[in-house]
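One structure is given below, encoded as structure tokens.
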Amino acid sequence: MSLTPANDIVGKNNGRGLTGLLLVAIPVFLVGWMIIWPIISAIGRTIWLPNEGGGRSFSLETYGFFFTDQYSLNNLGVTLWTTGVCAVLLVLICLPIALYLRFAKGRLAAYVQGLAIFPMFVPSIILSYAIIRVLGPNGTVDLLLNAMHLPKIRSPYLTPWGPVIGLVWDNIPLTVLILLSGLGNVSNQSIEAARDVGAGRLAVLWHIILPRISNSILVAVSFTVLGIFSAFTLPYVLGPAAPEMMGPFMQRTFRDLNDPTNAITQAVIAFCFCIVFGLFYVRSVAKNRSA
Amino acid sequence: MARVLIERRIDWYGIFFAALLTLVIVFPLIVVGTWAFTNVWRFPSVIPQEFGIKYWQMTLARADVWSSITLSLSLSTVVTLLSALICLPAAYAFARLDFPGRNILFFSFLAGHAFPKFGLLVAIAGIFLQLNLIGTFWGVVLIQLVGTLLFMIWIPVAAFQAVDRRMEEAARDVGASPMRVFWSITLPQAGPTIAAAILLSFVGTFYETEGAWLIGAPQIRTLPVLMISFINNQPVIQFGAVLSVLLWVPSFIALLFARRVISSGSFARGFGA
Amino acid sequence: MSVLDINNVTKRFSTTTAVDEFNLTVGDGELVCLLGPSGSGKSTLLRMIGGFETPTSGHVTIDGEDVTRVPPEKRPTGMVFQSHALWTHMNVFKNLAFGLKLRRLPEAEIRRKVEAVLELVGLGGFGHRATNQLSGGQQQRVALARSLVLEPKILLLDEPFASLDQHLRERLREEVRDIQQRLKITTLFVTHGQDEALSMADRIVVMRDGRMEQVAAPDVLYREPQTPFVAGFIGTMNLIEGNVSGGQFSRAGFSQPLPIADGPAVLAVRPEALSIQPSSNVDGPRIHRVTDYGAHAIIDLELPDGFRLKATVRDARAWTNVRAATLTPQAFAAYRDNAVVYRSGTSA
């Protein structure tokens, strides 16, 4: 789909430009007021801090605090670690599923596709609860191991691996859909042609399929990074109290410590870490849409 | 040659993925479902000692559960209606009218997805703090409304654009005014997709946790927010399980109606694939 | 009595002129075909008559009434689209009844009219069908019926058979022609297929780059094309570019007496009007290929400079071992500066 030139049914009419602008005015205003303005304001408020004279002056004090405070740095570290691990795991898990779905037909494939998309319909809060019940202390896995006279597992609940498991689970559907959509651009003929000249399965994957879908992989990774970097619910419920991921950290700073300035500083730092992925994501969506 | 790739007599990969995904995705949910209908399940029994619906009665007798359900439903309804009211005309304008800045405004809705979401919420909360919107119903409505914009504009735009222009022209040709064409031809044609978008936005709002938690709590306690406090502070396991099953009902409805839209390529393309 | 008048109509888009000062009158009950390659402006012209585009300048009148700026819903025109454009969320009956309902006709009369017109297009009893249960030909018939049921003064058809297969196309154009003659409805028909135009039209307008190249009855158009473009577009034509000197047209190895002034000219000969005799002179026109069609054969000839010509002969077998030929045009025309300057057998 693309935003094709709108040639109205009855041709050009000068009043239409204004009508169109009026119709889109409210949503556009909301974007400006609730997305663009808060970001600009967030940057402004964290670098122009109130001074003793009652006015505001330029200062990087809150950023200085964040990058010298060991606790903040640990939180940032665990966030980067979680994001990286999740992105790698998601590609490793979802690429084979997407490849299978691209070339398989029939009822089994439909079942696999249904399951891969299913987590989209499971809100993360139910997921958190389910993971606690299954992998938590004395959870179902422990029950089963115990019944087989095996030792209990070391539960990932309240360790950094808890959020990783939850976030990967939660992001499988969109990653599979994005990769599958990319694989849709690889024609059967191009694969048949490659096999015809003697390429084996691995060679086809490496030389034909991967180059064609590298962009989709990057989009999937960007999307995952943007979603996971500041994830809140899953890390809040499943993760350790310290170090905590940026999402819970910001929430706690904002609400529990009642310190909006430092919370917003953390938000701006999160923006900076994700800016590359955000720009890449917007660029490829825009490119795709106007193609 | 392709047959080698596509058809195998026994689909081992399929069996492997189906088994793995069943174990990883379906199994945990079955466990939750089992807990919801369990009266007694003590370690180390593999199956519950006593099934029953005792905890359904106890959960549904709680005042905080009922007020959360009412609040969540009214919140989602208000947000979805407002969103449809402002987004559908805008979507029609993007799909069919020409106006200055049309492309850049269309892509501006991506802005909300180009930043880490919780960071953005904190930045918005900073502004709401000055406007005294923290802890209010309308503060939560606003923040959830912004979350629906991209979906409620992009999916309907695709739906409107997919309506064959000639169908509309044919209707003009037999004597229908532009308004009549919209009601009798364009809207019914785009209807199913738009309905799916509205349903998805309702369900998405119903489950929205982070905005409600940051902006609304503790005064505005939606069902997911209540669920978080159940998980953190409630020693009775079954309360969470019963609430999970209750919470999942809208999802189930969405699953029934919106699956085709989601499996279609246009949905994934909305995410930049 | 419905007469369509197109008066000096021009349509410019931002960079191109789609229709350029076009004039045409379509008489009552006449079927006129707009024929031309894609991009020649024929569809734009039709859409201006239907009201879907507004002319940059000029006027469209129907029965003397200026409709140039009247929106499509208020025009007495009915349009059949290439993609049939049926409303897929309505069944056949509702598709046909929609326009009548807008005119607030009583229910019983709507029913009667819809059934009558369905009968007319050979789809009696199909009213309850969903549009996607119909074949391509049936869908196009419903689209035609949808326009006819409103009894438009002018029927507009925009390449209505383009998406159908050859066999169906031939059948439908006979049906449409029959219906049109029965109802005596003034019709404008856009096509890029010359067969369609030749078999259906009272008159054909050949369009090129937004202008009218020639308008004439089909037989006249075939036999007396006014420009080399028309000559080449309708049927098969050998268009030989050459030079005239001292009353003799010539081009590498081929010459023909041509009593016009000296200078460049284009000689146009139909394959069936080019008679050829076997020759042993391999420095003249040579036989390149013989294609046997049974009842006749086409011989491809090549002049020494590489220029290719076609000629029709009765019997392919007589030509199997022949390598060269002499050419004698039996009937031909000559063009200079895009206009006819000579036509054999007449005193043009």
Side-chain angles (χ1 to χ4, degrees), chain A residues 1 3 6 16-17 20-21 23-24 26-28 30-31 34-35 38-39 42 100 103 108 111-112 115 118 121 123 125-126 129-130 133-134 138 140 143 146-147 177-178 181-182 188 192 195 216 219 226 229-230 232-233 237 247 250 254 260 263-264 267 270-271 274 278 281-282 284-286, chain B residues 1-2 5-6 11 13-14 17-18 21 25 28-29 31-32 43-44 46 86-87 89-90 93 96-100 103 105-108 110-112 114-119 122-124 126-127 129 146 149 158 168 207 209-210 214 224 227 231 240 244 247 251 255 265-266 268 271-273:
Chain A
M1 181 212 116
L3 207 58
R16 303 225 158 239
L21 278 177
L23 287 176
V24 303
I26 301 179
V28 167
L30 277 176
V31 168
M34 302 264 298
I35 294 173
I39 291 166
Y100 167 72
F103 296 107
L108 196 59
Y111 177 73
V112 170
L115 281 186
F118 189 76
F121 293 95
I125 189 69
I126 296 182
Y129 182 79
R133 291 275 63 81
V134 174
N138 288 351
T140 315
L143 288 179
N146 185 60
L177 282 177
I178 291 172
S181 163
N188 278 342
E192 283 162 23
R195 292 184 71 92
S216 294
V219 169
L226 288 169
F229 196 89
S230 76
F232 170 72
T233 312
V237 177
M250 282 186 261
F254 189 89
I264 295 171
F271 295 160
C274 295
Y281 175 69
V282 169
S284 39
V285 176
Chain B
M1 299 292 298
L5 204 67
I6 292 164
D11 187 359
Y13 289 114
F17 285 127
L21 288 173
I25 287 171
L29 298 174
V31 170
V32 174
F43 196 80
V46 174
I86 64 170
C87 290
R96 285 287 194 256
L97 306 180
D98 203 1
F99 49 87
N103 267 310
L105 292 179
F106 182 67
F107 288 114
S108 76
L110 271 181
F115 296 94
K117 189 181 168 220
F118 203 77
V122 168
I124 298 172
I127 292 195
L129 206 57
V146 170
L149 287 182
E168 297 176 321
Y207 293 133
T209 315
E210 314 184 336
L214 188 70
M227 179 86 188
I231 293 177
S244 294
L247 252 175
S251 241
L255 188 68
S266 66
F271 291 96

Whatever's closer than 4.5 Å to a heavy atom in chain B on A:Pro260 counts as side chain

Whatever's closer than 4.5 Å to a heavy atom in chain B on A:Thr140 counts as side chain

message = A:Tyr281 vs A:Val219, test: side chain to side chain contact (heavy atoms under 4.5 Å, CB included). Steps then yes/no.
response = CA-CA 6 Å; A:Tyr281 175 69; A:Val219 169; 4.2 Å; yes

Bottom line for A:Tyr111: the part with an atom under 4.5 Å from chain B's heavy atoms is side chain

Closest non-hydrogen contact found for A:Leu115 with B:Ile25 is O-CD1, 3.5 Å

Given A:Val282, A:Val112, A:Val28, A:Ile126, the one with more heavy-atom pairs under 4.5 angstrom with chain B than any other is A:Ile126

Here the pair of heavy atoms bringing B:Ala90 nearest to A:Pro27 is CB-CG, 3.8 Å

Of the listed A:Ile264, A:Thr233, A:Val237, the one with the largest count of heavy-atom pairs under 4.5 Å with chain B is A:Thr233

Turns out that what part of B:Val146 lies under 4.5 Å from chain A's heavy atoms comes down to side chain

Notebook entry, point to check: Has the side chain of B:Tyr207 got a donor or acceptor atom that lies under 3.5 Å from a matching backbone atom of B:Leu247?
Noted result: yes

If one checks every heavy atom of B:Leu129 against chain A at 4.5 Å, the contacting part turns out to be side chain

Applying a strict 4.5 Å limit to non-hydrogen atoms, the region of B:Ile124 in contact with chain A is both

Next on the checklist: One pair to check against side chain to side chain contact (heavy atoms under 4.5 Å, CB included): B:Leu29 and A:Phe118. What are the steps and the verdict?
Outcome noted: CA-CA 11 Å; B:Leu29 298 174; A:Phe118 189 76; 3.3 Å; yes

Between A:Leu226 and B:Phe115, the two heavy atoms sitting closest are CD2-C, 4.1 Å

Heaviest contributor of heavy-atom pairs below 4.5 Å to chain B, chosen from A:Ile26, A:Ile125, A:Val134, is A:Ile125

Chain A shares the most heavy-atom pairs under 4.5 Å, among B:Ser244, B:Ala123, B:Ala111, with B:Ser244

So, the part of A:Leu108 with a heavy atom under 4.5 Å from chain B: the answer is side chain

Applying a strict 4.5 Å limit to non-hydrogen atoms, the region of A:Tyr129 in contact with chain B is both

When the 4.5 angstrom heavy-atom criterion is applied to A:Ala130 and chain B, the contacting part is both

Are B:Phe118 and A:Phe232 an aromatic pair by the rule of ring centers under 6.0 Å? yes

Applying a strict 4.5 Å limit to non-hydrogen atoms, the region of B:Ile127 in contact with chain A is both

Using the rule given for side chain to side chain contact (heavy atoms under 4.5 Å, CB included), can you reason through B:Ile86 versus A:Leu30, listing the C-alpha separation, both sets of side-chain angles and the distance that settles it, and then say yes or no?
CA-CA 10 Å; B:Ile86 64 170; A:Leu30 277 176; 3.6 Å; yes

Test side chain to side chain contact (heavy atoms under 4.5 Å, CB included) on B:Phe106 and A:Val24; report intermediate values, then the result. CA-CA 9 Å; B:Phe106 182 67; A:Val24 303; over 6 Å; no

